[in-house]
Amino acid sequence: MENKKIDWSSLTFGYVPTNYNVRMYYRNGKWGELEVSSETSINIPMAATCLHYGQEAFEGMKAFRGKDGKIRIFRPEENAARLQSSSRGIMMPELPTDLFINAVKRVIELNEEFVPPYGTGASLYIRPLLLGLSQQVGVKPAAEYLFMIFVTPVGPYFKEGFKPTPMAIMRGYDRAAPLGTGTIKVGGNYAASLKAGVLAHEKGYSAVIFLDAKHKEYIDECGPANFFGIKNNTYITPKSTSILPSITNKSLMQIAEDMGMKVERREIHVDELSTFEEAGACGTAAVISPIERIDDLDEHKSYIISKDGKAGPTCEKLYNKLRAIQYGEEPDTHNWVMILD
């Protein structure tokens, strides 16, 4: 595909084929060499563990082209660490950080023409993927694995952009069990959220806010993102054994501290929603999606967050600060950005 056909400013958050992907196999107890491929499909045995027992994990990250023309990758070592954590959680071999980062750099270099220009609001989405390939019908870890990365240029995750949207609490659905795979970035967590997500979209909501599976009293996650609330100059985000550790949320907590805010990671009871001055969903894809209101569909309650339909000042400051660091517009005081040579 030729990038000159892409209308960068009109890109949605979707898949656009690019020229190359990179792959690496784990066989006989060790990782092989990095391979470059132009194939958009992969050959998976029909008895592979990834297909039958969900032995797969993935990451999501972005590269940005700055005003200076340089390409920046945001916190790739954090993605490497999270993939290693996921691998430990479902018994897959850990990919060393240096191999992960080298693969990320290589796939971006191969597809450099697909890194959107500065000022378009678009970025290059990077999708690392780890799959169990061993052919077996017994429930046990595979002996052979495929690690690969493909990239695609993307626009905003929510079509509304940086504008508050309504979200819904749907108590009849769980995303993850308290001691299950909620903290691991595996596809099963997202599959579990699909039905509730589709129903919410049909009702006009942008996402589902899942409550804890055990008590149905505490906030867990915002669909595919982490939740945070703002009140009394404090950034508050849930603490739970079911929540994926978001790199974006981790970064926002640090930025909030840098701005002189207090940061709390603790249980958030659903009744506390009425006390928040601002709230949002945060993650790699959306960065921050401000919340307009939260409707508890089962309890017939509505928690109004944004009374004027606009993002709050704190959400706006956090969003602009993080984006400015990602694009190289502000000093990277925490050494979060890796610049490609």
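All residue numbers refer to positions in the sequence shown, counting from 1. Basis for what follows: all heavy atoms, side chains included, without hydrogens, waters or symmetry-related copies.
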Open item on the list: Students often mix this up, so state it plainly: with edges at 30° and 60°, are the rings of Trp336 and Phe74 parallel, tilted or perpendicular?
Closed with: perpendicular
Open item on the list: Counting C-beta onward and ignoring hydrogens, is there a side-chain heavy-atom pair between Thr275 and Asn232 closer than 4.5 Å?
Closed with: no
TODO: Would you confirm whether Arg175, through its side chain, and Gly182, through its main-chain N or O, come within 3.5 Å as a donor-acceptor pair?
DONE: yes
TODO: Drop me the distance from Asp308's CG to Glu292's CD, to the nearest 0.5 angstrom.
DONE: 9.5 Å
Task: Transitive ILVMFWY side-chain link Ile294 to Leu297, under 4.5 Å - done: no
Open item on the list: Can you confirm whether Tyr20 is buried at OH, in the sense that more than 12 heavy atoms of other residues, nucleotides or ligands lie under 6.0 Å from that atom?
Closed with: no
TODO: Using atom types as modelled and distance alone, determine if a side-chain donor or acceptor of Trp8 lies under 3.5 Å from a backbone N or O of Val115.
DONE: no
TODO: Assess whether atom CE of Met259 is packed by more than 12 heavy atoms of other residues, nucleotides or ligands within 6.0 Å.
DONE: yes
Task: Expected output: side-chain Thr152 to main-chain Val16 donor-acceptor under 3.5 Å - done: yes
- [ ] First locate atom CD of Glu221, then atom OG of Ser246, and finally report the distance between them rounded to the nearest 0.5 Å.
- [x] 8.0 Å
TODO: Verify the ring-centre separation between Phe13 and Tyr125: is it less than 6.0 angstrom?
DONE: yes
Task: Spacing of Leu322 atom CG and Leu318 atom CG [to the nearest 0.5 Å] - done: 8.5 Å
Task: Residues Ser10 and Asp7: side-chain donor-acceptor under 3.5 angstrom - done: yes
- [ ] Say whether Tyr205 and Met170 are linked into one hydrophobic cluster, either directly or through other cluster members, by side-chain heavy-atom distances under 4.5 angstrom.
- [x] yes
- [ ] Apply the test salt bridge (charged side-chain N to carboxylate O under 4.0 Å, His left out) to residues Lys185 and Glu59: give CA-CA distance (whole Å), side-chain angles for both, the deciding distance (0.1 Å), then the verdict.
- [x] CA-CA 7 Å; Lys185 198 168 175 67; Glu59 278 299 315; 6.0 Å; no
TODO: Please report the C-alpha distance between Leu130 and Leu95 in whole Å, then the side-chain angles of each, then the deciding distance to 0.1 Å, and finally whether the side chain to side chain contact (heavy atoms under 4.5 Å, CB included) criterion is met.
DONE: CA-CA 9 Å; Leu130 183 56; Leu95 183 72; 5.8 Å; no
Task: Cys50 side chain reached by Ile44 side chain, heavy atoms, under 4.5 Å - done: yes
Open item on the list: For Glu56 versus Leu129, what's the shortest heavy-atom pair and its separation?
Closed with: OE1-CD1, 3.9 Å
- [ ] For Thr234 and Ile236, indicate whether the former's side chain and the latter's backbone hold a donor-acceptor pair under 3.5 Å.
- [x] no
TODO: Only counting residues at least two apart or in another chain, list the ones meeting salt bridge (Lys or Arg N to Asp or Glu O under 4.0 Å) with Lys214.
DONE: none
Task: Contact check, side chains of His334 and Ile325, non-hydrogen atoms, under 4.5 Å - done: no
- [ ] Please check if any side-chain donor atom of Thr97 sits under 3.5 Å from a side-chain acceptor atom of Gln84, or the reverse.
- [x] yes
Task: Cluster overlap Ile42 with Leu83, hydrophobic side-chain contacts below 4.5 Å - done: no
- [ ] Please report the C-alpha distance between Glu299 and Lys301 in whole Å, then the side-chain angles of each, then the deciding distance to 0.1 Å, and finally whether the salt bridge (charged side-chain N to carboxylate O under 4.0 Å, His left out) criterion is met.
- [x] CA-CA 5 Å; Glu299 296 294 317; Lys301 292 182 179 178; 5.4 Å; no
Open item on the list: Measuring from atom CD of Gln326 to atom CG of Asp332, what distance do you get when rounded to the nearest 0.5 angstrom?
Closed with: 10.5 Å
Open item on the list: Is it the case that the side chain of Tyr118 and the backbone of Phe64 share a donor-acceptor pair, with hydrogens and angles ignored and the cut-off at 3.5 Å?
Closed with: no
Task: Whether over 12 other heavy atoms sit under 6.0 Å from Asp98 CG - done: yes
Task: For Arg27, salt bridge (Lys or Arg N to Asp or Glu O under 4.0 Å) partners two or more places apart - done: Glu144
Task: Transitive ILVMFWY side-chain link Val208 to Phe276, under 4.5 Å - done: no
- [ ] Let me know which of Lys250, Met61, Met338 forms a side chain to side chain contact (heavy atoms under 4.5 Å, CB included) with Arg75.
- [x] Lys250
- [ ] Would you name the heavy atoms of Pro96 and Glu94 that are closest together and state the gap between them?
- [x] CD-O, 3.5 Å
Open item on the list: Between the side chains of Lys317 and Glu278, is the shortest nitrogen-to-carboxylate-oxygen separation below 4.0 Å, so that they form an ion pair?
Closed with: no
Open item on the list: Looking at Lys310, I want to see if its NZ is surrounded by more than 12 non-hydrogen atoms of other residues, nucleotides or ligands under 6.0 Å.
Closed with: no
TODO: Evaluate the side-chain proximity of Phe114 to Ile6: yes if any heavy-atom separation is below 4.5 Å, no if none is.
DONE: yes
Open item on the list: Quick one, Glu330 with Lys321, criterion salt bridge (charged side-chain N to carboxylate O under 4.0 Å, His left out). Give me CA distance, side-chain angles, the key distance, then yes/no.
Closed with: CA-CA 8 Å; Glu330 289 203 20; Lys321 181 71 173 181; 2.5 Å; yes
Task: Any donor-acceptor pair under 3.5 Å from Asn233 side chain to Gly260 backbone - done: yes
Open item on the list: Between Ser85 and Ile184, is there a side-chain heavy-atom distance shorter than 4.5 Å?
Closed with: no
TODO: Check whether Met24 and Ile126 end up in the same hydrophobic cluster, where Ile, Leu, Val, Met, Phe, Trp and Tyr are linked by side-chain heavy atoms less than 4.5 Å apart.
DONE: yes
- [ ] Verify side-chain hydrogen bond (donor to acceptor under 3.5 Å, both in side chains) between Glu113 and Asn19, making sure each step is shown before the conclusion.
- [x] CA-CA 9 Å; Glu113 64 190 283; Asn19 292 334; 3.1 Å; yes
Task: Interatomic spacing from CG in Leu211 to CG in Asp220 - rounded to 0.5 Å - done: 7.5 Å
Open item on the list: Contact between Pro164 and Ile305 at the side-chain level, heavy atoms closer than 4.5 Å - yes or no?
Closed with: no
- [ ] Would you give the length of the straight line joining atom CD1 of Ile108 to atom CD1 of Ile149, rounded to the nearest 0.5 angstrom?
- [x] 8.5 Å
Open item on the list: Could you tell me if Tyr145 and Gln55 have a donor-acceptor pair between their side chains, going purely by distance under 3.5 Å?
Closed with: yes
- [ ] For the pair Arg65 (side chain) and Ala122 (backbone), establish whether a donor and an acceptor sit closer than 3.5 Å, ignoring hydrogens and angles.
- [x] no
Open item on the list: In the structure I gave you, are the side-chain heavy atoms of Ile288 and Phe228 within less than 4.5 Å of one another anywhere?
Closed with: yes
Open item on the list: When you measure from the side chain of Asn226 to the backbone of Leu244, do you find a donor-acceptor pair of N or O atoms at a distance under 3.5 Å?
Closed with: yes
Task: Identified salt bridge (Lys or Arg N to Asp or Glu O under 4.0 Å) counterpart of Lys216 within the set Asp298, Asp174, Asp296 - done: Asp174
Open item on the list: Treating Asn21 as the side-chain partner and Glu39 as the backbone partner, does any N or O pair qualify as donor plus acceptor under 3.5 Å?
Closed with: yes
TODO: Under the salt bridge (Lys or Arg N to Asp or Glu O under 4.0 Å) rule, collect the residues that match up with Arg23, sequence neighbours excluded.
DONE: none
- [ ] Could you pull out the closest heavy-atom pair between Leu252 and Cys282, with the gap in Å?
- [x] CD1-CB, 3.7 Å
- [ ] Identify the residue among Asp341, Leu110, Val22, Leu340 that makes a side chain to side chain contact (heavy atoms under 4.5 Å, CB included) with Lys105.
- [x] Leu340
Open item on the list: Looking at Gly138, is its backbone amide N or carbonyl O close enough to the side chain of His52 to form a donor-acceptor pair, meaning the two atoms are under 3.5 Å apart?
Closed with: no
